[in-house]
Number of protein chains: 2
Amino acid sequence: MRATTKPRRRDRGRNAARTQAVILDAAERLFAEKGFEETSLAEVGRLADVSRATPGYFFGSKGSLHRAVLERCFEDIRRAVREGKERALASGQTPDVILAGAVADYADFIAARPNFVRLIEREALSDRRVLDGMPLRSAVWQEALAAFRQELGLDISDTTEAAHLLLSLVALTWFPIVHGRTFLKAVGLDPGAPEFGDQRKRHITTLLLGALRERAAFTSGIPS
Amino acid sequence: MRATTKPRRRDRGRNAARTQAVILDAAERLFAEKGFEETSLAEVGRLADVSRATPGYFFGSKGSLHRAVLERCFEDIRRAVREGKERALASGQTPDVILAGAVADYADFIAARPNFVRLIEREALSDRRVLDGMPLRSAVWQEALAAFRQELGLDISDTTEAAHLLLSLVALTWFPIVHGRTFLKAVGLDPGAPEFGDQRKRHITTLLLGALRERAAFTSGIPS
DNA sequence: ATTAACTTGCTTGCTGTCCAGCAAGTTGGC
DNA sequence: GCCAACTTGCTGGACAGCAAGCAAGTTAAT
């Protein structure tokens with residue numbers, strides 16, 4: 001009937017690595033946007049423009065595909081953490097300036113990859129313990145914590161404080177990604193508006209800097 | 001074989017209201033812990049100690065049951081918001097003290113009902129738009145925002161600032177509930193430890209108070 | 001007795017996985 | 001260069017399991 005009834009399979013020939021990457025992209029998107037159970041392998045195949053059975057052929061099972069997606073995601077995050085750390089340490093700035101920079105960097109990274117947040121959030125909620133058996137996951141956060149502490153010049157006794165600060169940074173940055181169209185809209189914030197991003201960064205920076213200064217004032221022994 | 005092979009059906013006789021409540025409790029727990037798709041009506045029935053089909057009998061469909069669970073959840077939250085507001089306004093304290101109290105109250109409320117957080121977080125992530133058609137949801141957050149602004153004495157021009165503050169409070173409070181066994185463990189925090197709760201409350205209070213004071217200093221026109 | 005509160009049985013649709021097959025490519029002998 | 005033997009990439013069909021919803025039954029309260 002139609003002239004081009006269907007582009008059918010794409011022109012690209014047989015190429016396992018390429019196909020796997022395309023499947024991972026499709027799966028990442030669907031798992032992030034719809035969740036693990038709500039996504040069928042057939043759907044992944046359709047979005048990747050391969051057959052229904054190809055995802056299973058390459059990744060063995062749906063669970064393995066999911067794990068592969070998360071693994072790739074954490075590798076990206078680790079790379080970002082390392083780059084951010086190097087940049088911060090090379091800048092030689094004061095902790096204040098470094099913290100402000102870290103907030104901006106991290107917020108930008110997250111804004112560019114919202115699906116990472118959705119994937120991780122989903123997995124944290126899930127009772128499937130996929131994340132448990134993934135050494136990379138734990139390692140990434142530990143690395144981030146170490147970098148954070150080093151950049152801000154917090155000594156060994158401040159580990160807990162640094163952990164709370166990092167936790168707060170992550171919490172404050174992730175929340176709008178997940179609740180953009182629900183909570184944020186309800187309180188009159190539009191995460192899509194052009195000014196929102198900077199507004200939010202400034203707010204987060206203010207919060208964290210306040211706590212950092214409070215801590216500095218305390219340890220330098222200001223009289224009560 | 002066993003003396004009490006099965007308690008079978010509960011002794012309590014027929015009572016629609018009671019049964020519905022039990023079903024709602026079971027569904028709330030399962031939807032929160034395992035998610036919508038991963039939960040079957042049969043499982044809800046089992047946990048509620050009724051037959052496989054009873055949830056469907058009372059709530060019509062799985063989707064309606066889910067909506068009923070969320071509705072009840074938001075009603076509870078609204079009640080908490082109203083009580084908190086009354087208490088805060090009746091206390092007649094300064095904004096600083098009130099904010100500290102609000103943080104503590106809210107953190108306690110959330111800690112007592114972690115499943116509310118999981119439910120809402122799941123629904124925010126979901127592409128099912130159940131929350132969209134729920135006027136109560138939006139109303140609750142708006143009410144919370146208004147209360148927050150009033151308690152802290154922020155005038156009308158500070159709406160955006162108040163929204164960001166409230167958003168931050170919620171983000172900071174919810175995060176440990178969701179990521180307790182993943183992120184928190186990785187950075188060496190144990191959300192189950194007895195001291196964690198107070199530690200976290202103090203940290204959050206510090207953060208928010210810093211921002212509030214900054215704002216006060218700014219508007220009262222301190223020279224640069 | 002009538003109605004409402006449940007329950008058991010069944011159907012229907014969907015999805016993950018296994019399997020056999022085929023076609024595109026690669027290798028090695030001549 | 002050429003062809004045959006073999007490998008790899010990818011597909012469609014079949015099957016089994018499970019869950020939602022319906023329908024027809026069974027019991028308890030009023």
Side-chain angles (χ1 to χ4, degrees), chain A residues 5-31 33-70 122 126-128 130, chain B residues 5-31 33-70 122 126-128 130:
Chain A
T5 29
K6 238 181 186 178
R8 259 310 168 202
R9 295 301 150 226
R10 113 205 27 81
D11 39 341
R12 73 173 136 95
R14 299 148 58 103
N15 182 338
R18 165 99 188 127
T19 303
Q20 287 178 24
V22 174
I23 290 174
L24 279 176
D25 289 342
E28 177 181 307
R29 174 155 165 211
L30 290 172
F31 285 155
E33 291 178 357
K34 318 190 5 156
F36 182 77
E37 294 284 343
E38 293 87 336
T39 300
S40 75
L41 288 183
E43 213 169 350
V44 173
R46 205 178 315 133
L47 185 60
D49 198 20
V50 294
S51 89
R52 168 171 59 84
T54 309
Y57 168 76
F58 277 116
F59 294 92
S61 74
K62 190 181 176 183
S64 301
L65 172 58
H66 188 226
R67 163 173 295 252
V69 165
L70 288 173
R122 280 208 145 90
S126 167
D127 57 346
R128 260 169 294 124
V130 252
Chain B
T5 29
K6 237 179 186 179
R8 261 305 170 207
R9 295 298 148 225
R10 96 220 45 83
D11 41 341
R12 69 176 136 96
R14 299 179 162 207
N15 182 338
R18 165 99 188 126
T19 303
Q20 287 178 24
V22 174
I23 290 173
L24 279 176
D25 289 341
E28 176 180 307
R29 175 156 165 210
L30 291 172
F31 285 154
E33 291 178 357
K34 318 192 3 158
F36 182 77
E37 294 283 342
E38 293 88 336
T39 300
S40 74
L41 289 183
E43 212 171 350
V44 173
R46 205 178 317 133
L47 185 60
D49 198 22
V50 295
S51 89
R52 180 165 46 86
T54 309
Y57 169 75
F58 278 116
F59 293 92
S61 74
K62 192 181 174 184
S64 300
L65 172 58
H66 188 226
R67 163 172 297 252
V69 165
L70 288 173
R122 278 205 148 87
S126 167
D127 57 346
R128 261 169 292 124
V130 250

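In this text the structure is predicted, and so the values were computed from the model without any measurement. To find a chain, count down the sequence lines: A is the first, B the second, and so on, and within it residues start at 1.
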Exercise for the section: To the nearest 0.5 angstrom, please state how far the CD atom of Glu43(B) sits from the NZ atom of Lys34(B). Expected result: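 These two atoms lie 3.5 Å from each other.
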Problem - Side chain Thr39(B), main chain Gly35(B), donor-acceptor under 3.5 Å - result: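 Yes, Thr39(B) side chain to Gly35(B) backbone: donor-acceptor pair under 3.5 Å.
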Roughly how many Å is it from [atom1] in [X] to [atom2] in [N], rounded to a whole number?
X	N	atom1	atom2	result
Arg18(B)	dA4(C)	CZ	C1'	19 Å
Glu38(B)	dT15(C)	CD	C1'	14 Å
Glu37(A)	dA20(D)	CD	C1'	15 Å
Leu30(A)	dT15(C)	CG	C1'	15 Å
Arg46(B)	dT8(C)	CZ	P	13 Å
Glu43(A)	dG16(C)	CD	C1'	14 Å
His66(B)	dA19(D)	NE2	P	17 Å
Ile23(B)	dA5(C)	CD1	C1'	11 Å

Per [X] side chain, nearest of listed nucleotides [options]:
X	options	answer
Ser61(A)	dC10(D), dT7(C), dT17(C)	dT17(C)
Val50(A)	dT11(D), dG21(D), dT15(C)	dT11(D)
Phe58(B)	dG21(D), dA5(C), dC10(D)	dA5(C)

Handout entry: side chain to side chain contact (heavy atoms under 4.5 Å, CB included) evaluation trace for Ile23(B) with Thr54(B)
Key = CA-CA 9 Å; Ile23(B) 290 173; Thr54(B) 309; 3.9 Å; yes
Handout entry: Glu37(A)/Phe36(B) under side chain to side chain contact (heavy atoms under 4.5 Å, CB included): CA gap, chis, key distance, verdict
Key = CA-CA 9 Å; Glu37(A) 294 284 343; Phe36(B) 182 77; over 6 Å; no
Practice task
Please step through side chain to side chain contact (heavy atoms under 4.5 Å, CB included) for the pair Lys62(A) and Leu41(A), ending with a clear verdict.
Solution key: CA-CA 7 Å; Lys62(A) 190 181 176 183; Leu41(A) 288 183; 3.9 Å; yes
Exercise for the section: Would you mind classifying the nucleic acid contact of Ser64(B) as base, sugar-phosphate or nothing, using non-hydrogen atoms under 4.0 angstrom? Expected result: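 Here Ser64(B) touches no strand at all.
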Exercise for the section: Could you tell me whether the side chain of Leu47(A) reaches within less than 4.5 Å of the side chain of Leu30(A), counting heavy atoms only? Expected result: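 Leu30(A) vs Leu47(A): side chains touch.
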Problem - Below 4.0 Å: OP1/OP2 of dA5(C) and any side-chain N or O of Thr19(B) - result: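 Thr19(B) to dA5(C) OP1/OP2: no side-chain N or O under 4.0 Å.
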Problem - Side-chain N or O of Tyr57(B) closer than 4.0 Å to phosphate OP1/OP2 of dA5(C) - result: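 Indeed, a polar side-chain atom of Tyr57(B) lies that close.
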Practice task
Start with the C-alpha gap between Phe59(A) and Gln20(A), add the side-chain angles, then the distance that decides, and say whether side chain to side chain contact (heavy atoms under 4.5 Å, CB included) holds.
Solution key: CA-CA 9 Å; Phe59(A) 294 92; Gln20(A) 287 178 24; 4.2 Å; yes
I'd like a list of close polar pairs between nucleotides 13-16 of chain D and the protein, N/O only, cut-off under 3.5 Å.
residue	atom	partner	partner atom	Å
dG13(D)	N7	Arg52(A)	NH2	2.9

Under 3.5 Å, which protein N or O atoms sit close to an N or O of nucleotides 21-23 of chain C? Give each pair with its distance.
residue	atom	partner	partner atom	Å
dA23(C)	N3	Arg14(A)	NH1	3.3

Practice task
Quick one: sort the Phe31(A) and His66(A) rings into parallel, tilted or perpendicular, breaks at 30° and 60°.
Solution key: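 Perpendicular, since the angle between the ring planes exceeds 60°.
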Exercise for the section: Check the surroundings of atom CZ in Arg29(B): do more than 12 heavy atoms from other residues, nucleotides or ligands lie under 6.0 Å from it? Expected result: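 For Arg29(B), atom CZ is not crowded (no more than 12 foreign heavy atoms under 6.0 Å).
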